[in-house]
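First up is the structure itself, then whatever we jot down about it.
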Amino acid sequence: SRKLPFIIGFAYLLISLITVLVYAKDKYSAQTDRWRTPEVTLHFLSLIGGWPGALVAQKILRHKTSKSEFISTYRVTVFFNVATLLVIYTEQGQYLLHSIILPFIRLLIN
């Protein structure tokens with residue numbers, strides 16, 4: 001059986017922590033009538049792996065839980081994130097990751 005690489009778990013944890021903090025800031029901003037975090041930012045964080053943190057923040061902070069359109073979009077981001085992770089975790093996905101995606105990222109960084 002394959003194990004999820006440590007870096008993937010660490011990335012989810014880190015992005016989730018950032019997502020919780022962004023939700024908390026947005027909740028505070030909503031209560032104090034200050035500049036709000038755009039919903040597209042919250043959804044982007046969920047899409048790139050922060051969805052567990054978003055779920056925790058929604059439950060604990062009770063933030064964005066009554067907006068059905070927001071929740072629907074959030075669910076779509078979870079679906080796409082998990083689907084992408086599963087595809088990358090297959091044999092064909094591993095080929096795609098190591099032969100195309102990672103070399104492309106390295107090219108962008110260097």
Side-chain angles (χ1 to χ4, degrees):
S1 75
R2 291 182 177 175
K3 291 184 179 178
L4 201 60
F6 172 79
I7 191 71
I8 299 293
F10 180 74
Y12 270 78
L13 184 64
L14 183 62
I15 295 167
S16 288
L17 177 61
I18 291 167
T19 302
V20 169
L21 295 172
V22 172
Y23 266 76
K25 181 189 175 303
D26 188 54
K27 172 84 177 199
Y28 175 76
S29 295
Q31 294 170 332
T32 58
D33 202 29
R34 294 176 188 222
W35 181 84
R36 302 287 305 279
T37 302
E39 288 185 355
V40 69
T41 301
L42 300 176
H43 290 313
F44 177 73
L45 288 168
S46 293
L47 183 65
I48 64 170
W51 65 265
L55 183 62
V56 167
Q58 289 170 17
K59 299 297 181 194
I60 292 175
L61 302 171
R62 292 190 303 270
H63 189 50
K64 299 289 189 182
T65 56
S66 62
K67 295 183 74 175
S68 60
E69 185 177 329
F70 182 88
I71 295 301
S72 295
T73 303
Y74 165 75
R75 289 178 178 156
V76 169
T77 66
V78 173
F79 172 81
F80 277 110
N81 179 270
V82 172
T84 300
L85 185 63
L86 289 174
V87 167
I88 288 174
Y89 207 55
T90 64
E91 190 174 320
Q92 296 85 359
Q94 286 291 305
Y95 172 78
L96 178 67
L97 178 66
H98 291 286
S99 66
I100 298 171
I101 297 172
L102 290 177
F104 180 71
I105 292 171
R106 286 185 197 108
L107 183 67
L108 291 176
I109 293 173
N110 293 329

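Note that these values count all heavy atoms, side chains included, but never hydrogens, waters or copies made by symmetry.
The shortest heavy-atom contact between Tyr23 and His63 is O-CD2, 3.7 Å. Taking every heavy atom of both residues into account, Gly53 and Ser16 meet most closely at N-OG, 3.2 Å. Taking both residues in full, the closest heavy atoms of Thr65 and Gln58 are given as CG2-O, 3.3 Å, listed atom of the first, atom of the second, then distance.
For residues 69-78, the set of pairs meeting the side chain to side chain donor-acceptor pair (under 3.5 Å) definition, not counting sequence neighbours, is empty.
Here the OG1 atom belonging to Thr90 is positioned 13.0 Å from the OH atom belonging to Tyr95, to the nearest 0.5 angstrom. With rounding to the nearest 0.5 Å, the separation of CD in Gln31 from CG in Leu61 is 9.0 Å. Rounded to the nearest 0.5 Å, atoms CD1 (Ile15) and CG (Asn81) are 8.5 Å apart. Note that CD1 of Ile7 is 9.0 Å distant from CG of Leu14, once rounded to the nearest 0.5 Å.
Distance alone, capped at 3.5 Å, is enough to place a donor-acceptor pair between the Ser29 side chain and the Trp35 backbone. Without hydrogens or angle criteria, Asp26 side chain to Arg36 main chain gives no donor-acceptor distance under 3.5 Å.
Linking Ile, Leu, Val, Met, Phe, Trp and Tyr whenever their side-chain heavy atoms come within less than 4.5 Å leaves Ile48 and Leu108 in two separate clusters. Hydrophobic clustering of Ile, Leu, Val, Met, Phe, Trp and Tyr side chains at less than 4.5 Å, counting indirect connections, keeps Phe80 apart from Val40. A single hydrophobic cluster is not seen to contain both Leu17 and Leu13; linkage of ILVMFWY side chains at heavy-atom distances under 4.5 Å, directly or through other members, places them apart. By the criterion of side-chain heavy atoms lying less than 4.5 angstrom apart, applied directly or through intervening Ile, Leu, Val, Met, Phe, Trp or Tyr residues, Phe104 is not grouped with Ile109; the two fall into different hydrophobic clusters. Hydrophobic clustering of Ile, Leu, Val, Met, Phe, Trp and Tyr side chains at less than 4.5 Å, counting indirect connections, unites Leu47 with Phe79.
By the salt bridge (charged side-chain N to carboxylate O under 4.0 Å, His left out) test, Lys64 is found to be paired with Glu39, residues two or more places apart in sequence or in another chain being considered.
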Val22 and Leu45: CA distance, side-chain angles, deciding distance, side-chain contact (heavy atoms from CB on, under 4.5 Å) verdict:
CA-CA 9 Å; Val22 172; Leu45 288 168; 3.9 Å; yes
Under the side-chain contact (heavy atoms from CB on, under 4.5 Å) criterion, do Leu85 and Tyr12 qualify, and how do the steps go?
CA-CA 11 Å; Leu85 185 63; Tyr12 270 78; 3.6 Å; yes
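You'll find the side chain of Trp51 stays beyond 4.5 Å of the side chain of Val56, heavy atoms only.
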